[in-house]
Amino acid sequence: MRLRIVKISVAVVAFVLVFAALQRLLVPKYASFALEGGLIREYYSSSMDQDLILIGDCEVYANFSTIGFWENFGITSFIRGSPQQLVWHSYYLLEDTLLHARQKPKIVVFNIMAMQYGEPQFEPYNRLTLDGMRWSPTKFRAIAASRLDDESWLSYFFPIFRFKEHWRDLGSDDFRYFFRDPQASINGFMIRSDTMPVGFLPQPLPIANYRFSEKAYYYLNRMAELTREHDIELVLIKAPNLFPHWYNQWDEQIIEFAGEHDLLYINFLNYTEEIGLDWDIHSFNAGLHLNVFGAELMSMYFGEILQERFNLPDRRTESTVAEQWNSMAQQYHHMIALQLDEIERYGRINSFLIG
Amino acid sequence: MKRILILFLVITAMLVIAACGDAQGVDTPETPGSSSQNGEDSSNPDTGTDPGTPGNSDENGNGNGIDSNSNGDPQIPAAFSFTFNDVVIAMDDDVDYIISKLGEPRGDITVPSCAFEGLNDRIVEYPGIRITAYPIGEQHYIFNVSFFDDSVRTAEGGIRLGATIQAVFDAYGEDHSYETGMYRFARGLTYLEFLTEDDIVIGITYRLDLGL
């Protein structure tokens, strides 16, 4: 009898191990395509303090240099952003951040571009945001809020069921990053040193309904409540990206919301000249995102506002913190130099991963 | 012992291969327009056309057969199409073919997408209209055409921006759906949408139903 129990136990353990190993092998590593898929996960491996958390879609992870905040103002920051991160994603990532943060952030910045969406949009973007979250009741609720009708719960618990077809094109990345995850960002900021000037900008068209949805407002309200409960300043921003178009009717609603909740709202589209943005040199994809040089300007401009208005501490005098951040800054500058060298040699960037 | 282990390994393999039939392909998302609605043939611009329908001759690269279902009335085309500078533009036409007919556009951009390659829509503008196309492989196929100003008009009824909604009804009938100012007429897998403000048309869009 005892031997039988031992045999069954060993078999169960073997099954779990094989299943886990297969799952690890087959889920995307986001090392050579869709690198943004690893951004949410990277937060958990950070051992640094963060006074400032930026939350939102690509308009945060591409547009604000975390090292820019550090080197100019001594502000410690992390960006919790992912592609097409919708408002409910962002709310639950805020919950998740407060759950796992080494210290409570002093300021949370939310980029409001995603307010235009009232419903989940596209399964692959859901996966980029949700798969990287650590399991907790928060992740469970995030999936419930985000899941499209044809997405199965099981595939979130066991991503192998979502990515099972990947066995057909397993590549070296799947083995190289079997035991460790690639690092694609510097505290959530993705470095792009290349330039693609803004050429032609499509003319905006009228849309049927400019009113943000109840669902978007619901989660924005919850974000405001959660930050208030934790005595954290919430700042709303619209990054200065030229495309997709940000309608005045949308802007008015955010101004109204910020006024009602006594929040600072900055639409950086109104300040591109003061910031010093030149769309011929500061975007890597024709105005959709800023490159690293544009992102440094953004951090310079925004960091000053944050420090003056909210008295964020300059932590460059704290030796342990400074040591960590300066080491990170070295990686950052090394990556920029490497990318610039590749652009000069090959006309394009080949290196995107920090580690 | 070995038998039990083998049994579990087999179960694992079966789970991996067979379970969760609703899961999508590999890591790369399905491209809009390449879904089952448009069928596999959609990637082949040389197949599946209906030469009898305006704007869908074999040569224009329309490959999805969107107009193959007759609506039963020979007087009414099975899909909406639009004529601009004497060139018939139908939904799902190859945008490069249309450009070759219309000439150099005033603007042409392949809009970058976040994270995923292959989701990059292309926007082409001529005076008065914007054409948006979705990608399949290297090619882009038209999924909507919108009007900017009153210099252009719809193929039937000659509706322009600034027209009254009554003129729209006179031209297209009353069979439409409505939501927050938008009147939508359907033919096959295509729509013609009139956005209104105070019963005046402020936006006109021809659209392919991509099922998104």
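Order of the sequence lines sets the chain letters (A, B, ...), proteins ahead of strands, with each chain counted from 1. Owing to the predicted nature of the structure, the values given are computational and were not obtained by experimental measurement. These values consider heavy atoms only, across backbone and side chains, with no hydrogens, waters or symmetry-generated copies.
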* Sort B:Val111 into side chain, backbone, both or neither according to what part of it lies under 4.5 angstrom from a heavy atom of chain A. =>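 Contact with chain A is through the side chain of B:Val111 alone.
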
* Asked: Of the backbone (N, CA, C, O) and the side chain (C-beta and beyond), which part of B:Leu195 lies under 4.5 Å from a heavy atom of chain A, both, or neither?
  -> side chain

Looking at every non-hydrogen atom in both residues, tell me the closest pair between [X] and [Y] and how far apart they are.
X: B:Gly203; Y: A:Pro206; value: CA-CG, 4.5 Å
X: A:Phe243; Y: B:Ile123; value: CZ-CD1, 3.8 Å
X: B:Ile109; Y: A:Ala286; value: CD1-CB, 4.3 Å

* Structure fact -> Contacts of B:Glu125 meeting salt bridge (charged side-chain N to carboxylate O under 4.0 Å, His left out) (sequence neighbours excluded), chain-then-number -> B:Arg106, B:Arg130

Are more than 12 heavy atoms, taken from residues, nucleotides or ligands other than [X], located less than 6.0 Å from that residue's [atom1] atom?
X: B:Gln166; atom1: CD; answer: yes
X: A:Glu214; atom1: CD; answer: no
X: A:Asn350; atom1: CG; answer: yes

* Contact class of A:Pro204 relative to chain B, heavy atoms under 4.5 angstrom -> backbone

* **Side chain / backbone / both / neither for A:Phe158 at chain B, heavy atoms under 4.5 Å** => neither

* Would you say B:Phe147 and A:Leu205 make side-chain contact, with heavy atoms under 4.5 Å? -> no

* **Separation between CD1 of A:Ile207 and OG1 of B:Thr180, rounded to the nearest 0.5 Å** =>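 Rounded to the nearest 0.5 Å, the CD1-OG1 separation comes out at 9.5 Å.
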
